[in-house]
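Scroll down for the structure; my scribbles are underneath it.
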Number of protein chains: 2
Amino acid sequence: MANIQQIARKAGVSVATVSRVLNNANLVTPQTRSKVESAIKELNYEPSMLGRNLRNSESRLMLVLLPSISNPFYNEIINGIQNTAIANNYNILLCETDSKAERENIYLNMIKNKLADGVISMDPTINMEKLNELAENHPVILCSEYEEGGSIPYITTDSELAAYQAVKYLIQLGNEKIALINSDEKFLYARLRRAGYERALKEFNLPIRDQWIYHTKDLEFQDGVQAMRMLLQLEERPQAVFAVSDTLAIGALKALNSGVQAFESIAVVGFDNISFSNMTNPTLTTVSQPMYKMGCLAANMLMSSIKGEKVENIVLDHELIIRESTMG
Amino acid sequence: MANIQQIARKAGVSVATVSRVLNNANLVTPQTRSKVESAIKELNYEPSMLGRNLRNSESRLMLVLLPSISNPFYNEIINGIQNTAIANNYNILLCETDSKAERENIYLNMIKNKLADGVISMDPTINMEKLNELAENHPVILCSEYEEGGSIPYITTDSELAAYQAVKYLIQLGNEKIALINSDEKFLYARLRRAGYERALKEFNLPIRDQWIYHTKDLEFQDGVQAMRMLLQLEERPQAVFAVSDTLAIGALKALNSGVQAFESIAVVGFDNISFSNMTNPTLTTVSQPMYKMGCLAANMLMSSIKGEKVENIVLDHELIIRESTMG
DNA sequence: AATCAAATTGTAATCGATTACAAATGGCTT
DNA sequence: AAGCCATTTGTAATCGATTACAATTTGATT
C-alpha cells in the first residue's frame, strides 16, 4: 500500500501538496492537481485513516452499543442511526456487548483511544458508572434505555405511559385478571412498564397479585414460553397478559397455541412492534415506538455532542397497535 | 486524555520505559514498573490505539460484513465469530452494508487503511471484483456465500444437497406439486438451492413448472407472504412449498394461515433454522446449518490468514429439522 | 526591467505510540 | 579499585498523515 510520500515523489511534488489535493484545498493549480491525481490512481493509493486520525484526532466513526443483535427491536433504530450518520459523512460500528463487562470495556476504550468519535448506547446492561465517567470527556448518547436523573443526554419513549395505556386497553376489553411478563427489574424500562401496569390496575380498583407478575431471565422467545406456562398452571389463571417485549409475548402466544383450546381466549399484548409480531398466529397487539426516527434523532444528538453543542433530552410518542391477539 | 510523554514525565522515566511497562516486557525493574504504573493510574491513562496501530500496523480488529442485521440468520454466526475473536484478543465490528456499494467501499477502505486487520464477508450482494482486489493484499474470508472457482477462502454448507434433501423429503411425503420460493438468482445460494430442488424433482420424474418457481425481491417476511399469495392464486395450486429462507417460509405460512382452511394442508419447508422458526404456528420444518460453528471457524480462518498462513476451504454439514409445517 | 502582492508550493513540526541502538548502571571478579 | 559483563534505561527514528510558516513562482503594474 502506497503512502503519501510515494505519491509525492511520483508526482514530483511535496507531501503537503498531495495532502492539499486529498482535502480539496483549492489552492492547488489544476496542472499539479492532475499530476497528483494520476499518481494516486497509478499507485492505487488510499490515505491512511490512522495517520489522518492521529493528526486530526477525529475518526468520523460512531459506535453503537447494544447487548445483542438477536433482539429485532434494535433493527429499525440501527437503520435510522446508520442512514443519518452516512448522510453526514459518519460511519457506524455495531458493537454487541452480550452484556459482558469485558466487551463493554473494549468498546468504551475505542472512544478513549480516539478510534471513534462518540457512542450511542442502547444497552440497558451497561455499567453506568463507567459510562458516566466516559461521558465527562467524550460524546455519549443514550437511546431507548436511559438513566433517571443522570447527566447523559437521552432519547426515549414514555414506557410507563405506554404500559399504562396497554393495560388499560386490556381492562376496557373486560379483562380483570391481568398478568405481567416482565424482565429483570434492574432495567429501568422494566420498572417503568411495571409501574404503568400497576397504575392502570389501581385506577380500576383491580388487585395487583404477585403471582401474576413473572420475571424472566432474558428476552428470548423461550423465556416467554416458560412464563406463560407458569401462568397457566396457576389456580387462578389470568385472562390477559401484558409482556414487556414482543419476543416474550410471542413466546407466550406459542405456549397458548400448544396448550388446550380454552387458552386461546387469553389476550396478549407485547411491546416493540418487531417485524415478526405481524407474522404470528394470531398476530400480536403491541406498543409501537417510532424506532427509525429514534435512531435518526439519536445520531443527530451524537453529532451535535461531538461538535460540542449542548443537547436536550427527547421523549418520543408511542402508539398501541391493535391486532388479533386481543380480539378474543 | 494523557499521553505517553506525560506518564513518562510524571514517573520520571523515558517514554521507552513506559512503553515497556505497557507491553510487559520483563526487562523493567519492579521499582520503575510500579512508579510507572502509579503514574498511569493517577493520570487515568489509556494508550492510544491510533499511535500504536500506526506504528505496529496492526489493529486486532476484524470486520464482519453483512447486508442487513434484520435477517436473524446471521445472529448465531456472529456469536461464533465474536466469541472466537475475543478469545484470541481480537475484536469484531459489525458492518451493515444494506447492499449499498458506497457503504461497502467505506468498510473495505477501513481494511486498506489498516483500521482493521481483516474481513469476514457474509454479504452475498458484495462486489466480488472489489473484494478480490482487496484480497490480493489483505486477509479476506467468505462465510456462507462464496464465489465458485474464486480464490478467496470460504466456509459454507452444501446448499444444493440440502435443498435436494429437503425437496426429496417433501416428495416422499407424497407431494407431487412442489413450489419453490427463491430469492434473486444472482446469488449463488439461490442458484444452488434451485439446482437441488430441480435435481430432486427430476429424480422422481416430476415436472419442473415455471409457474411454481417464484422469485422474491428480498428476504423479508412480507416477500414470503406475497409469494405464497401468488402461488395460491394459480389454477393448479402446489401441494408443498420449499422456501430458500426461513423468513420467506414464515411469510408463506402466514399467507396460508390467513387464507381458507383448505390451505392448511400445504406443507412448507424453510432454510436456516432461525429462532422464530420454532415460534410459528405450525412450527417450521427447516434446514439447519451449524451456524455457531461456522462463525467460530470463519474467525479462525481469518486469524490464520492474518498470520500469513494458507487456509483451506471448509464445507460443513447441515441437517433437516422436521417440525409441524410438514406434518399435514 | 524592476517591484510588489498574490498565488502556489515546499519544509519541517506534530499527533502518540514502538523499538533499534546507545548509554548508563550495578554487581561481580580479580 | 579497575575491568567486565549483564541488566536496565534513555535517545531518537519511525509509522502516515496535516498544516503553520517559509520560500518560491507568477503575473500585474509602473
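We use all heavy atoms of the structure for the numbers below, so side chains are in, but hydrogens, waters and symmetry mates are not. Numbers restart at 1 for each chain; the letters A, B, ... are given by sequence-line order, proteins then strands.
Within residues 46-54 of chain A, the residues approaching DNA chain C are A:L54, by heavy-atom distance under 4.0 Å. Contact check of residues 6-19 of chain B against DNA chain C (heavy atom, cut-off under 4.0 Å) returns B:A16, B:S19.
One interatomic measurement links the two molecules: CD1 of B:I4 to P of D:dA12, which rounds to 17 Å at whole-angstrom precision. Rounded to whole angstrom, the span from the CD atom of B:E58 across to the P atom of D:dG16 amounts to 15 Å. At whole-Å resolution of the value, CD in A:Q31 and P in D:dT25 are 16 Å apart. Rounded to whole Å, atom C1' of D:dT7 lies 15 Å from atom CZ of B:R33. To the nearest angstrom, P of C:dT19 lies 7 Å from CG of B:N23. Remark: P of D:dC15 and CG of B:L115 are 18 Å apart, rounded to the nearest angstrom. Put simply, CZ on B:R55 is 8 Å from P on D:dC15, counting in whole angstrom units.
Screening residues 80-103 of chain A for salt bridge (Lys or Arg N to Asp or Glu O under 4.0 Å) gives A:D98-A:K100, A:D98-A:R103 as the qualifying pairs, with residues at least two apart or on separate chains.
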Please tabulate, one pair per line, each protein N/O and nucleotide N/O from nucleotides 21-26 of chain C that are separated by under 3.5 Å, including the distance.
none

Table of protein N/O atoms under 3.5 Å from nucleotides 5-8 of chain C N/O atoms:
residue: C:dT8; atom: O3'; partner: A:T29; partner atom: OG1; Å: 3.2

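A donor-acceptor contact shorter than 3.5 Å links the side chain of A:N313 to the backbone of A:Y154. Remark: the backbone N or O of A:S159 is not paired with any side-chain donor or acceptor of A:T157 at under 3.5 angstrom. Although no hydrogens or angles enter the test, the distance criterion places a donor-acceptor pair under 3.5 Å between the side chain of A:N71 and the main chain of A:F73.
Atom NZ of residue A:K112 and atom CG of residue A:N109 lie 5.5 Å apart, to the nearest 0.5 angstrom. In this structure, the separation between CG on B:L108 and CG on B:L134 is 5.5 Å, given to the nearest 0.5 Å. The CD1 atom of B:I155 lies 14.5 Å from the CD atom of B:E145; values are rounded to the nearest 0.5 Å. Summarising the geometry, atom CD1 belonging to A:I7 is positioned 6.5 Å from atom OH belonging to A:Y45; distances are rounded to the nearest 0.5 Å. Rounding to the nearest 0.5 angstrom, the gap separating the CD1 atom in A:I77 from the CG atom in A:L66 is 9.0 Å.
Closest to the side chain of A:N56, out of D:dT19, C:dA17, D:dA17, is D:dT19.
Atom CD of A:E309 has more than 12 neighbouring heavy atoms from other residues, nucleotides or ligands inside a 6.0 Å radius.
When A:T84, A:N79, A:N83, A:N75 are each tested for a side chain to side chain donor-acceptor pair (under 3.5 Å) with A:Y292, only one passes: A:N83. The only member of A:I306, A:L61, A:L302 that meets side-chain contact (heavy atoms from CB on, under 4.5 Å) when paired with A:Y90 is A:I306.
With respect to the salt-bridge test (charged N to carboxylate O, under 4.0 angstrom), the residues B:E104 and B:K130 do not qualify.
A donor-acceptor contact under 3.5 angstrom links the side chains of A:S183 and A:Y189, judged on distance only.
Helix bend of the helix from C:dA1-D:dT30 to C:dT30-D:dA1: the angle between its two end axes, each built from five pairs, comes to 60° after rounding to 10°.
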